[in-house]
Amino acid sequence: MSLDQLGEFDPELSQIPQLPTEQRAQLSRRRRAATIIASFFLGQGAVQGVQVLMGLLLVRWLSVEAFAQFGLTFGFQLAMNTLMDLGISSTIIPLVGDRRDDRALVGRYVRSAKHLRDRTFWILAPVAVIAFLAIMYKHHWGWMLQSLLLSSVLLTLYFSGRVSYSSAPLFLFGRLREFYFPQTLSGLARLASYVVLKLVGALNAWTAAWFNALNVTINGSLLEKESRKYLEWPEHEDTSIDREVLRYILPAMPAIIFSAFQVQISLFLISFFGDTASIAQVAALGKLGQLFSVLMTFNVVVVEPYVARLSRERLLSTYLGFVALATLCCAPITVVAFATPKLFLWLLGPKYKGLQDAVGWVVFASCVNYLAGLMWIMNRARKWVFWRGTVFEIVLLLSVQIAFIVLVGVRSTQQAVLFTFASSFCFAATHGYVAIYGFLRGPRSIHVFG
């Protein structure tokens, strides 16, 4: 009997086994998730690796005074960027939710975020100028240097808005290659520029700041171009979308404004109470916290879109699973930091070898902040943004920080590190409380019509 005849004789052998439709759908989702996660770690690993390397090289290559200047500038820039964004760009993914195939809708949300972000920049830019010059005035670093640093800050602040709202469509559609590839190339170009400046003796605070600003400018322009492929850009602004975005983020705005200064408060306090060396030390230790930024970005790129689309039946187990996994990852890193601080200090170079007692607390605080950030991102993905959470965070954080300043003070590097450590638990407590309330109450209704 031939094989053909055998197939005709036994119909079961002439059919290719097929998985049930539901199983095929699950397999497809798992493959897609694996592809996105692999793309993230390859892309983010390259981008973050370049950024961390640049940061550590600047710690080693710049003098203590120059790094204090750069570190204070960079810290102020991060604080003002948070203040200008006000969480506006972060609303795109949760508000679009499972409607990403409606590219006209995606375009309306992105245009709204651009419109609101540009408006906050022009309103707050004069405030940024005055605040920056006031912070710098105490240190008598010269008006030319201050002007160059300030101009780099303003350029970075404007184009960082483009990076933020242009990234959301790429995250929605899982286009991580388009997100990471241009940033990796521009980052490598910036790194090469630093090497050349070091070789010719022209690397200092303002040149480092300006090449950072140019890097952000290029990234903003390239990402905006890429994101337009995945949306339909509306001809006119939609005021109803503007109102929806503002209503969604409004309960979190006081906490965002508050946290804009909290992110760098240790650096600002030490710049007021301490000396130039202490500023450089706190800024250098902050570079160790950048080691967690790849995981924080993972939360935004992978976790947030996933949690936003998740069914309520699977939400609790997934939420607790992410928190447990993050805790398991952070625990051994913290133990190593306390046990062998020299391993981390080697990254910072010989100028900062006397900071052994601070390393463990810096890493511990970074781990707690990472867990708090993970909960915040999952909370906002489910539209758990409540006024009570904002009030709780501000009251708790101010109480702890005022008590610390009165009882301990922030006059040395070690005190600044412990101040950050104490503050980190306030963020974790707040977002844990909001998560519990969100599970019990459910999401807010934020859609606005008309």
Side-chain angles (χ1 to χ4, degrees), residues 45 48-68 70-72 74-75 78 262-271 273-298 325-374 400-401 404-405 407-428:
Q48 204 63 48
V50 172
Q51 291 179 349
V52 169
L53 179 59
M54 284 189 290
L56 294 175
L57 288 177
L58 289 177
V59 172
R60 287 172 167 267
W61 287 350
L62 293 176
S63 66
V64 170
E65 182 179 35
F67 191 72
F70 177 81
L72 194 54
F74 192 75
L78 291 177
Q262 289 295 321
V263 171
Q264 301 294 328
I265 191 170
S266 297
L267 184 62
F268 295 152
L269 287 174
I270 203 67
S271 71
F273 293 110
D275 54 18
T276 299
S278 297
I279 297 173
Q281 289 172 351
V282 171
L285 287 169
K287 295 300 178 183
L288 297 179
Q290 282 190 350
L291 300 176
F292 291 85
S293 56
V294 61
L295 295 176
M296 189 62 76
T297 308
F298 177 82
L325 180 61
T327 303
L328 288 175
C329 292
C330 289
I333 300 175
T334 302
V335 171
V336 172
F338 277 106
T340 57
K342 291 183 179 179
L343 179 65
F344 291 85
L345 289 176
W346 176 83
L347 297 172
L348 303 181
K351 294 192 290 289
Y352 303 96
K353 63 182 180 181
L355 300 176
Q356 294 186 34
D357 294 338
V359 169
W361 297 108
V362 169
V363 174
F364 196 177
S366 298
C367 286
V368 176
N369 279 325
Y370 169 70
L371 290 172
L374 172 62
V400 170
Q401 291 181 341
F404 191 98
I405 292 173
L407 298 176
V408 181
V410 188
R411 298 178 181 84
S412 67
T413 301
Q414 184 72 9
Q415 290 173 340
V417 168
L418 293 176
F419 179 87
T420 301
F421 174 72
S423 301
S424 65
F425 280 91
C426 299
F427 295 116

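Small disclaimer: the values here were computed from a predicted structure and weren't measured. The chain is numbered in sequence order, starting from 1.
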Should the pair F425 and F421 be assigned to parallel (<30°), tilted (30 to 60°) or perpendicular (>60°) ring geometry?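 Because their plane-to-plane angle is over 60°, the rings of F425 and F421 count as perpendicular.
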
Approximate separation, where rounding is to 0.5 Å, of Q401 CD and T420 OG1: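 Reported to 0.5 Å precision, the distance equals 8.5 Å.
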
Starting at CZ of R60, measure out to CZ of F67 and round the result to the nearest 0.5 Å. 12.0 Å

Shortest non-hydrogen separation from A365 to S424 and the atoms involved: O-CB, 3.8 Å

Using every non-hydrogen atom in the two residues, find where V362 and L285 come nearest and quote the distance to one decimal.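 So the two residues come closest at CG1-O, 3.6 Å.
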
Picking from V368, N369, L371, what satisfies side chain to side chain contact (heavy atoms under 4.5 Å, CB included) with F427? N369

With heavy-atom distances below 4.5 Å as the criterion, would you say the side chains of L418 and V408 are in contact? no

Side-chain heavy atoms of V336 within contact of F344, under 4.5 Å: yes

Excluding sequence neighbours, so at least two apart, what forms ring-ring contact (aromatic ring centres under 6.0 Å, His included) with F404?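 If we apply the ring-ring contact (aromatic ring centres under 6.0 Å, His included) test to F404, skipping adjacent residues, the hits are F419.
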
For W61, give me all partners under ring-ring contact (aromatic ring centres under 6.0 Å, His included), at least two apart in sequence or on another chain.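 W61: no ring-ring contact (aromatic ring centres under 6.0 Å, His included) contacts found.
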
All side-chain contact (heavy atoms from CB on, under 4.5 Å) counterparts of L345, not counting sequence neighbours: L348, L355, Q356, V359

